[in-house]
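Before any comments, here is the structure.
For clarity, every value in this text was computed on a predicted model and none was experimentally measured. By convention in this document, chain letters (A, B, ...) are assigned in the order of the sequence lines, proteins followed by strands, and residues within each chain are numbered from 1.
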Amino acid sequence: MKAKLLVLVLIAALALPAFAHAQDDVVTVEFWHTYNEVSPENEMLVNTLIPMFEAEHPNIKVESVPFPYGEFRQTILTALAGGEGPDLARLDIIWSPEFASLGVLLPLEDVMPDYADYADAVFAGPLSTNVYEGQHYGLPLDTNTRVFMYNSTVYEQAGIAEPPATIDDLVAQCDAVTALGEDYYIFSDGGTYGWAVLPWIWSFGGSLTDGAMTTSTGYVNGEETVAAYEFLKDMIDSGCFSPSFLGGGMDSGTGYFTNLFASIMDGPWMFPIAEAQYPDFTIQTALLPAGVGGSISVVGGENIALFVDSETEAALEFLRFTQSDEYQLKMSEVGQLTVKPALLESDYFQNHSYYGTFLQQLKTARARLPHPAWSQIEEVLTDAGQLILRGEASAQEALDMAAEEIDGLLAEYE
Amino acid sequence: MTVNNRSQRMFHWTILALLTLGAVIAMAPMLYMVATAFKPAAYVPEFPPKFIPDNPTLENFRTAFNSRNFDTALFNSAKVAVSTALLVTTLSSMMAYAFARFEFPGKTLLFYTILAMMMVPTMMLIIPQFILASKLELINSHTGLVLVYTAGGLAFNMFLLRGFFESLPYELEEAALIDGANQFVIFWRIMLPLARPALSTVGVFSFLGAWDEYIWALTVLTDPAKRTLPIAIQNFRGTRATDWGLVFAASLTAVVPTVLLFVFFQRYFVQGITTGAVKK
């Protein structure tokens, strides 16, 4: 009896460290992101994708940590200053260059031997948002863009048969819509931030800087960009575009869904909104009306990046998993458009009811300036836009001032 | 007499009408929040705004409580806010009493140094505070949160209570001293009960401060299971689309305990306990 007990104790004594050891081998990777807690994307990540990954990698545990979008950038920066940052994060594409310039991200070429294979498999546009000083600091995770969304009820009332192919067509259709009543507008958007005005600037053939992002003089205050702003001002003054550009009046979405605004410019997330709140409403999409520069929209989306002081190898495994066909398709099902062109040939995308227009628009869409100072540049741009649309300065005057300020910001990074 | 009476009544009604109007304007956003909390889907604002939902539903509350961390966050907030309120009330009343009644070297300097700290904006302190908290291993810890909230609340509440203690008559303490009470007994048995209206103000405001605090909690709590209510509510917002019904249902849930707290403590806010305590 006693001998038996002794044997048991011995086995236990030998087994315990083994258990403890097994525990130590599990590496936890913190993945910070801004998926809304109750969104289908978050459910997919937490309930399907992470368990799938953990089953394949029993020695890696992925902890998903959601943050509110508005404070995410600041929170990460503070956490990093205190050495408590994440291993991986899903970053808005406009933040990547800034984080890279602060030295908090790992250049993937250095730590991921198979990086080139992954880079080759994704769209070039979204990939370019990860570049800082010639190196890549992440991979694209999902993408999106804004397309032209029109309201078939308003079109019918106004006797408009087709969405405008060109900006001139849009102008020509205006009177028919404004004749319907005081609250009717041909088009509406929410402000003068980059996401709203860049499609107009680019479609007019304008731009913010030269290709190397060294100067904005002659670009942001160039002839084409000035023309784009003058166009917007004319349209608002003549009552064609809604005053929501100035931050007042009815919300663009509200006007669109309640059959007052003939068209808006927006992303794929509008479909679930319509389904939930206006189930009888059908969103109609078309490519943005083209100007002399073409039909050029703005690319949105997120990158996944690896942080310094991370559990690099384990984090890289998860990063690779996010680039798999499986992950990309599952996330596409919940509205996160894939970044892999090869998947567009899949049955899922070929048969999808509304991704088609977005994918076509993406072919010519451009990213906002992938520059560390983008947040500040956008502020300058937003303010200049307000001055112009409110008639407090001419487009040329306001943009000349903006060019000077933006040149100053660009110079800080040279 | 009658003319006077009538004009007085007119005045009375005008004041009442103006106050009602003011109250309605002040209440409207609150009422809209309540209404939206019961709406089935509210991503884009409706036009015209509806104060009574067409198909009222409890769905938003169900979604909130069924989500991963909402009920945990509610509990965490209660724990942190109650601890903060107790600590702030205890410590600031002791500090205030000392500043009001004792003489010691460097008293004025110390007092103004503490007050000067109130002039430093919170956002400026966030990074140094975070580094300090990280070195003390107070990240992802409720103890850390309570310590920071308490430290942040002491200066103002000490200032508030000192004024109150100074307004209390010295004679009460002298009478107690003659009866053989020591300083602690005087503080504990005489001054604190008299300061109850001020203490409940301090308690309620420190509770609310900790209950509502967002930026610091968001920065130091990265473990989803440890997060507090304001973060849980913000996490219901989406990058591109937000169901405001859900956000407002969660906000309403957060508001209820604070309203109850006010109703419960209101009777203590009534002044005048010391009236007639001393014969002059």
Chain B contact via S39(A) - side chain, backbone, both or neither, heavy atoms under 4.5 Å: neither
State the CG-CD1 distance between D243(B) and I273(A), to the nearest 0.5 angstrom. 9.5 Å
If you round to the nearest 0.5 Å, how far is OH of Y43(B) from OG1 of T254(A)? 14.5 Å
Any side-chain heavy atom of T239(B) within less than 4.5 Å of one from N36(A)? no
If I take atom CG from residue N235(B) and atom OG1 from residue T34(A), how far apart are they, to the nearest 0.5 angstrom? 9.5 Å
Contact leader toward chain A among P45(B), A241(B), A64(B), G245(B), where contacts are heavy-atom pairs under 4.5 Å: P45(B)
With chain B, the option among A81(A), G253(A), A79(A) that has the most non-hydrogen atom pairs under 4.5 Å is A79(A)
Between E37(A) and S67(B), do the side chains contain an N or O donor and an N or O acceptor separated by less than 3.5 Å? no
So for atom CZ, which belongs to F271(A), do other residues, nucleotides or ligands contribute more than 12 heavy atoms lying within a distance under 6.0 Å? yes
Can you tell me if L19(B) has over 12 outside heavy atoms packed within less than 6.0 Å of its CG? yes
Test: R68(B) cationic atom under 6.0 Å from Y35(A) six-membered ring centre, within 45° of axis: no
What is the minimum heavy-atom distance between A276(A) and A41(B), and which atoms define it? O-CB, 3.5 Å
Restricting to non-hydrogen atoms, name the atom on Q277(A) and the atom on A42(B) that form the minimum distance, rounded to 0.1 Å. OE1-C, 3.6 Å
Which one, Y278(A), W269(A), Y256(A), leads in non-hydrogen pairs under 4.5 Å with chain B? W269(A)
Proximal component of I215(B), with respect to chain A [non-hydrogen, under 4.5 Å]: side chain
Starting at CZ of R240(B), measure out to CG of N144(A) and round the result to the nearest 0.5 Å. 6.0 Å
If one checks every heavy atom of F70(B) against chain A at 4.5 Å, the contacting part turns out to be neither
Can you say whether E41(A) sits under 4.5 Å from chain B via the side chain, the backbone, both, or neither, judging by heavy atoms? neither
So which part of L218(B) gets closer than 4.5 Å to some heavy atom of chain A, the side chain, the backbone, both or neither? both
Any idea which heavy atoms bring V65(A) and R227(B) closest together, and the distance? CG1-NH2, 3.5 Å
What closest approach, in Å, do G82(A) and I131(B) show between heavy atoms, and which atom pair accounts for it? CA-CG1, 4.0 Å
Taking CE in M117(B) as the centre, count heavy atoms belonging to other residues, nucleotides or ligands within less than 6.0 Å. Is the count above 12? no
So does D223(B) have more than 12 non-hydrogen atoms from other groups sitting under 6.0 Å from CG? yes
Part of F236(B) within contact of chain A (heavy atom distance under 4.5 Å): both
N47(A) portion near chain B, given a 4.5 angstrom heavy-atom threshold: side chain
For Q234(B) and Y69(A), run side chain to side chain donor-acceptor pair (under 3.5 Å): C-alpha distance rounded to whole Å, both residues' side-chain angles, the deciding distance at 0.1 Å, then the answer. CA-CA 9 Å; Q234(B) 274 293 327; Y69(A) 177 84; over 6 Å; no
How far does CG of L77(A) sit from CZ of F130(B), to the nearest 0.5 angstrom? 11.5 Å
Around atom CD of E333(A), are there more than 12 heavy atoms from other residues, nucleotides or ligands closer than 6.0 Å? yes
Quick one: closest heavy-atom pair of F67(A) and T222(B), and the distance? CZ-CG2, 4.0 Å
Counting only non-hydrogen atoms closer than 4.5 Å, does F257(A) touch chain B with its backbone (N, CA, C, O), its side chain (CB onward), both, or neither? side chain
Any idea which of T75(A), N42(A), T78(A) has the most non-hydrogen atom pairs under 4.5 angstrom with chain B? T78(A)
When you look at OH of Y354(A), are more than 12 heavy atoms from neighbouring residues, nucleotides or ligands closer to it than 6.0 Å? yes
If I take atom OG1 from residue T219(B) and atom CD from residue E71(A), how far apart are they, to the nearest 0.5 angstrom? 9.0 Å
Quick one: what part of S252(A) sits under 4.5 Å from any heavy atom of chain B, side chain, backbone, both or neither? neither
